[in-house]
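See below for the structure under consideration.
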Protein chains: 2
Amino acid sequence: MSDRNIISFENIKIACKSCSLVTLCLPMGLEPDDMDRLDRIIKRSRPLHRGDHLFRESDKFQCLYIVKTGSVKTYAPSEDGGEQVLGFHLPGELIGLDAIENATHNCSAKVLETSAICEIPFNHLEELSTSMPSLQHQMYRLLSREISQDENMLTLLGKNNAEERLAAFLMSLSGRFKRRGFSPYDFYLSMSRHEIGNYLGLAVETVSRLFTRFQEEGLLEVERKHIQLIDLERLAQVARRTHSDRGRIQST
Amino acid sequence: MSDRNIISFENIKIACKSCSLVTLCLPMGLEPDDMDRLDRIIKRSRPLHRGDHLFRESDKFQCLYIVKTGSVKTYAPSEDGGEQVLGFHLPGELIGLDAIENATHNCSAKVLETSAICEIPFNHLEELSTSMPSLQHQMYRLLSREISQDENMLTLLGKNNAEERLAAFLMSLSGRFKRRGFSPYDFYLSMSRHEIGNYLGLAVETVSRLFTRFQEEGLLEVERKHIQLIDLERLAQVARRTHSDRGRIQST
DNA sequence: GAGAATTCTTGATCCAAATCAATCTTATAA
DNA sequence: TTATAAGATTGATTTGGATCAAGAATTCTC
């Protein structure tokens, strides 16, 4: 836990300004000085492992979390042991914004694979944003974006059928991977079919059948967690298809 | 548009501190001085009428809106003329928070009945919140609350059946009316069956049938837009029923 | 106040996706 | 290495709610 060892976890604790995520993470667009001030309140924990929790529903709200590497799912547990998956979070994405209001977490956050996480004590962040208009602005933007995303998801669940939901999900992942410098065509899913189905309001079996169908239709290749998107254009068409133009198959 | 006439619309333009909504609206919890400063940037327009728009999707984002009296629906229009209703907004509720991120409205807001609306230029609000930590805090809270509410809605759409969705919707309205000093048992719906169905991801016919069924089961009395909740307790049970305890009918 | 246009209700039918069931595959444990 | 469990796939069956259809009630409009 010191600098005794060069190959220590300290090495992953690089400052925001040298972090590859800086262009899409919380410090995005801050001046170097401001970034340093923010940097000082951010804690970087040692890697968490599959199944570890960042927080659980009804925990006291202390920190926001940012995925640095790996992935995290957030979910609302129900009394009967079930859950609703609320989101999957990739590097650079902020987690815990829904807890500010009543100072308690409304959902749980569980690590899907070995992940490095940045931790930001919210009271410090809020204090800092008081004296840093650009940070305040960034916070408003990120909170607002979260709302937009949830609204998109509401539309997806309210209006789109199974096929469209899965296609939209894959397109979303693809785009997010791309922005992070990963391949938008070839990636591994860190979540199970069950979790995908839960997130999209579908049964596992439906998700499984759709993957098979998409493969048969030449949209993608799938082998367990490994996804290769073959025809991004057509997949996008399936994803944005609404009610009125179901069934139409467009050629590219 | 002056003080020529005592019975003019100017009369509805009362300051926040004399507004009955002050305990659940944006200025909630602000010090009197701070409230005055906020008050000065708020514009109060003359009443809008059924069908009027506060803003439309892709409009430039300028202002947040607060319902003072009446009600408003927000919805995401789709290319094919359809829409997804995103929310119904009652007095004291803030509208437009999803537009901060990209400075453009992602949804449209339409007045459901004659309504008075307060208008808050966001650039002024943001500026003010820079020098007013309590206002900044309140903004974080309201943004965060919006996220929580959307997440609840995601769970409702992802996990609950038609019956549970409508019950939850009615319970939500009831609670919100109560907090505003209206009867939680007896109210008028300002939205159509079609809009309720759209919001809840259901067909109009399903909504209509459920109202009939709820009435038959003695949960409520319904006559067109007029709703009287007879058995709030049992309605709440239906609303919070999850997957695992479908069908069980609990007596109170 | 008649006629048109919505909105709402109710019934009949259909279908997308859930559920049930079985097998297969891949991880984890002993 | 073999058990054992968990995850994924595929098929058969069921079903909740959509869709189709028609009529009734209400509200707009001229």
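Numbers restart at 1 for each chain; the letters A, B, ... are given by sequence-line order, proteins then strands. The structure displayed is predicted, hence computed values, not measured ones.
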Output side-chain donor-acceptor pairs under 3.5 Å for residues 184-211 of chain B, partner residues at least two apart or in another chain, one line each.
unit_1: B:Asp186; atom_1: OD1; unit_2: B:His226; atom_2: NE2; d: 2.9
unit_1: B:Asp186; atom_1: OD2; unit_2: B:Gln228; atom_2: NE2; d: 3.4
unit_1: B:Ser190; atom_1: OG; unit_2: B:Ser71; atom_2: OG; d: 2.7
unit_1: B:Ser192; atom_1: OG; unit_2: B:His194; atom_2: N; d: 3.4
unit_1: B:Ser192; atom_1: OG; unit_2: B:Glu195; atom_2: N; d: 3.1
unit_1: B:Ser192; atom_1: OG; unit_2: B:Glu195; atom_2: OE1; d: 3.4
unit_1: B:Arg193; atom_1: NH1; unit_2: B:Arg224; atom_2: O; d: 3.3
unit_1: B:Arg193; atom_1: NH2; unit_2: B:Arg224; atom_2: O; d: 2.8
unit_1: B:Glu195; atom_1: OE1; unit_2: B:Ser192; atom_2: N; d: 2.9
unit_1: B:Glu195; atom_1: OE2; unit_2: B:Lys73; atom_2: NZ; d: 2.9
unit_1: B:Asn198; atom_1: OD1; unit_2: A:Lys159; atom_2: NZ; d: 3.2
unit_1: B:Asn198; atom_1: OD1; unit_2: B:Val85; atom_2: N; d: 2.7
unit_1: B:Asn198; atom_1: ND2; unit_2: B:Glu83; atom_2: O; d: 2.8

>> From CG of B:Asn160 over to P of C:dA18, roughly how many Å is that when rounded to an integer?
In response: 14 Å
>> For a 4.5 angstrom cut-off between non-hydrogen side-chain atoms, does A:Arg234 reach A:Glu217?
In response: yes
>> Can you give me the closest heavy-atom contact between A:Ile230 and A:Gly218, atom names plus distance?
In response: CB-O, 3.6 Å
>> What I want to check is whether an N or O donor and acceptor connect the side chain of B:Arg165 with the base of D:dG17 at under 3.5 Å.
In response: no
> Is the distance from OP1 or OP2 of C:dT9 to the nearest side-chain N or O of B:Thr212 less than 4.0 Å?
Replying inline: no
>> Output the rounded distance in Å from CD (A:Glu205) to P (D:dT10).
In response: 12 Å
> Taking atom P of D:dA24 as reference, at what distance in whole Å does atom CD of B:Glu223 sit?
Replying inline: 18 Å
> How long is the line joining CG of B:Leu202 and P of D:dT19, in whole Å?
Replying inline: 11 Å
>> Tell me whether the rings of A:Phe61 and A:His105 are parallel (<30°), tilted (30 to 60°) or perpendicular (>60°).
In response: perpendicular
With 3.5 Å as the limit, what N/O pairs link the protein to nucleotides 3-8 of chain C?
unit_1: C:dC8; atom_1: OP1; unit_2: B:Lys225; atom_2: NZ; d: 3.4
unit_1: C:dC8; atom_1: OP2; unit_2: B:Arg193; atom_2: N; d: 3.0
unit_1: C:dC8; atom_1: O4'; unit_2: B:Arg224; atom_2: NH2; d: 3.2

>> I'd like to check the side chain to side chain donor-acceptor pair (under 3.5 Å) partners of A:Tyr75; sequence neighbours left out, ordered by chain and number.
In response: A:His53
>> Is there a side-chain contact between A:Arg50 and A:Thr114 in this structure, where contact means two heavy atoms from C-beta onward sitting under 4.5 Å apart?
In response: no
>> Any donor-acceptor pair under 3.5 Å linking the side-chain atoms of A:Asn106 with those of B:Ser148?
In response: yes
> How close or far is atom P of D:dG7 from atom NE2 of A:His226, stated in whole angstroms?
Replying inline: 21 Å
>> So for B:Arg209 and D:dG16, does any side-chain atom that can act as donor or acceptor lie under 3.5 Å from a complementary atom in the base?
In response: no
>> Measure CG/B:Leu210 against P/D:dG17 and give the value in whole Å, please.
In response: 8 Å
>> Please report the distance, rounded to the nearest Å, between CD in A:Glu164 and C1' in C:dA17.
In response: 14 Å
> When all nucleic acid strands are considered with a 4.0 Å heavy-atom cut-off, which category describes B:Gly197: base, sugar-phosphate, or nothing?
Replying inline: nothing
> In whole Å, what is the span from the CG atom of A:Asn198 to the P atom of D:dA8?
Replying inline: 13 Å
